[in-house]
Protein chains: 2
Amino acid sequence: MNGDHHHEHAHAARSDLTRNQSLVFDTLEGADAPLTAYNILDRLNGEGLRAPLQVYRALDKLLDLGMVHRLESLNAFVACRHPGCATHEAVAFAICDDCGSVAEITDSSLVDALDTITRSADFKPRKTTVEMRGLCSDCQAA
Amino acid sequence: MNGDHHHEHAHAARSDLTRNQSLVFDTLEGADAPLTAYNILDRLNGEGLRAPLQVYRALDKLLDLGMVHRLESLNAFVACRHPGCATHEAVAFAICDDCGSVAEITDSSLVDALDTITRSADFKPRKTTVEMRGLCSDCQAA
DNA sequence: GTAGGTGATGTTATATCATTACATCGCGTT
DNA sequence: AACGCGATGTAATGATATAACATCACCTAC
Ligand SMILES: [Zn+2]
Ligand SMILES: [Zn+2]
Ligand SMILES: [Zn+2]
Ligand SMILES: [Zn+2]
């Protein structure tokens with residue numbers, strides 16, 4: 001990396017990304033639904049990516065930087081759309097099973113509730129996953 | 001099934017399970033950490049189970065009955081240990097990455113927070129996943 | 001400038017998790 | 001007997017993820 005990285009994170013900025021990392025990030029950012037690693041690979045065949053590992057390695061880095069999230073219940077990935085890109089402590093995802101839209105939500109009551117739970121169980125969380133699968137506002141109409 | 005099943009769920013009771021379903025459930029209940037479908041298959045080779053599908057079909061049924069939970073972040077399964085086995089509306093799991101222990105937690109503040117989020121987003125959840133990966137009380141000592 | 005370190009890359013093979021497709025069986029109902 | 005229907009057995013395949021190894025680009029130390 002380039003000189004001052006105190007803690008990784010903060011704002012890596014797309015300019016610091018390598019070619020493969022940029023390709024993967026741009027693909028995710030341009031998608032309107034989560035993509036699997038193999039989805040991404042398919043879309044980047046034309047750019048010279050041929051092996052899954054090229055995508056997984058880029059994803060690992062982007063996850064590290066906080067620019068991408070993994071949706072565990074889908075085995076898929078989305079670009080971070082967190083408004084303000086704050087602490088990212090406990091983000092919730094509302095995933096529409098009909099249209100595939102994903103809303104990224106931060107909520108202090110949720111953070112508080114999770115914090116209270118971990119305190120009372122004396123559990124030290126490293127990563128917390130909150131995913132709601134269901135129907136978005138639009139798709140409930142139909 | 002046998003006569004009166006109003007809504008599935010409630011308490012299927014192990015006596016209603018088929019042989020394969022019982023084998024899989026007993027294996028999960030006896031384990032002290034989550035098991036993958038292939039873990040279960042390995043342990044049940046001696047009982048005549050040979051193909052993944054035999055395990056996955058039993059798991060599907062047990063999940064349906066609410067007797068087993070799938071941990072999305074591990075692609076693994078645990079027997080339900082919910083004290084009282086209440087509504088199961090929004091269960092949180094605290095998963096120790098060191099020893100593999102899993103605590104199943106229900107908390108009304110968490111349910112409230114999630115409920116508030118879905119209301120304000122007009123999102124209709126069908127299934128909610130809350131998984132915390134980290135270190136349990138015991139493992140923080142070491 | 002040469003040697004070494006480090007992180008990204010390319011490629012092949014393999015591991016792990018899950019489903020499709022199809023034939024069969026048991027058992028209660030008609 | 002004929003049928004429906006859920007569970008079962010088996011083989012093949014699909015989908016997701018990692019291991020292993022060689023190479024390259026770049027920076028730094030000597
Ligand atoms: Zn985010
Ligand atoms: Zn939708
Ligand atoms: Zn439970
Ligand atoms: Zn532990």
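Residue numbering restarts at 1 for every chain, and letters A, B, ... go by the order of the sequence lines.
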Crowding at CG, A:D32 (>12 non-hydrogen neighbours, <6.0 Å): no
D:dA17 phosphate, OP1 or OP2, under 4.0 Å from A:N75 side-chain N/O: yes
Any N/O donor-acceptor pair, B:Y38 side-chain to C:dA15 base, under 3.5 Å: no
Salt-bridge present (B:E131, B:R133; N to O < 4.0 Å): no
Nucleotide of D:dT18, D:dG9, D:dA7 approaching B:Q21 most closely (side-chain heavy atoms): D:dA7
Distance in angstrom units between A:D16 CG and C:dA8 C1', rounded: 14 Å
Rounded distance [0.5 Å steps], NZ in A:K127 versus CG in A:L63: 8.0 Å
Euclidean distance, atom CG of residue A:L17 to atom P of C:dA8 [Å, nearest integer]: 11 Å
D:dG6 base / B:R57 side chain donor-acceptor hit below 3.5 Å: no
Taking every non-hydrogen atom, the tightest pair across A:A31 and A:R43: CB-NH1, 4.2 Å
Touch class at under 4.0 angstrom, heavy-atom based, for B:A37 against every strand present: nothing
Any A:N39 side-chain N or O less than 4.0 Å from OP1/OP2 of D:dA15: no
Closest nucleotide among C:dT12, C:dA18, C:dT20 to the A:A51 side chain: C:dT12
Distance test, side-chain N/O of B:T18 to OP1/OP2 of D:dA7, below 4.0 Å: no
Integer-rounded Å distance: C:dG10 P and A:R19 CZ: 8 Å
Separation of D:dA15 P from A:L74 CG (nearest whole Å): 15 Å
Shortest non-hydrogen contact from B:A37 toward B:L59: CB-CD1, 4.1 Å
Minimum-distance nucleotide (side-chain atoms of B:K61 versus D:dT18, D:dA7, D:dT8): D:dA7
Residue whose nearest DNA chain C nucleotide is more 5′ - B:D60 or A:R50: A:R50
Nearest-angstrom distance from the residue atom CG of B:L35 to P of C:dC17: 11 Å
For atom CG of A:L53 and atom P of D:dT16, their distance in whole Å: 16 Å
B:Y56 OH to D:dT13 P, straight-line distance once rounded to whole Å: 19 Å
Rounded distance (Å) that lies between atom P of C:dG10 and atom CD of A:Q54: 5 Å
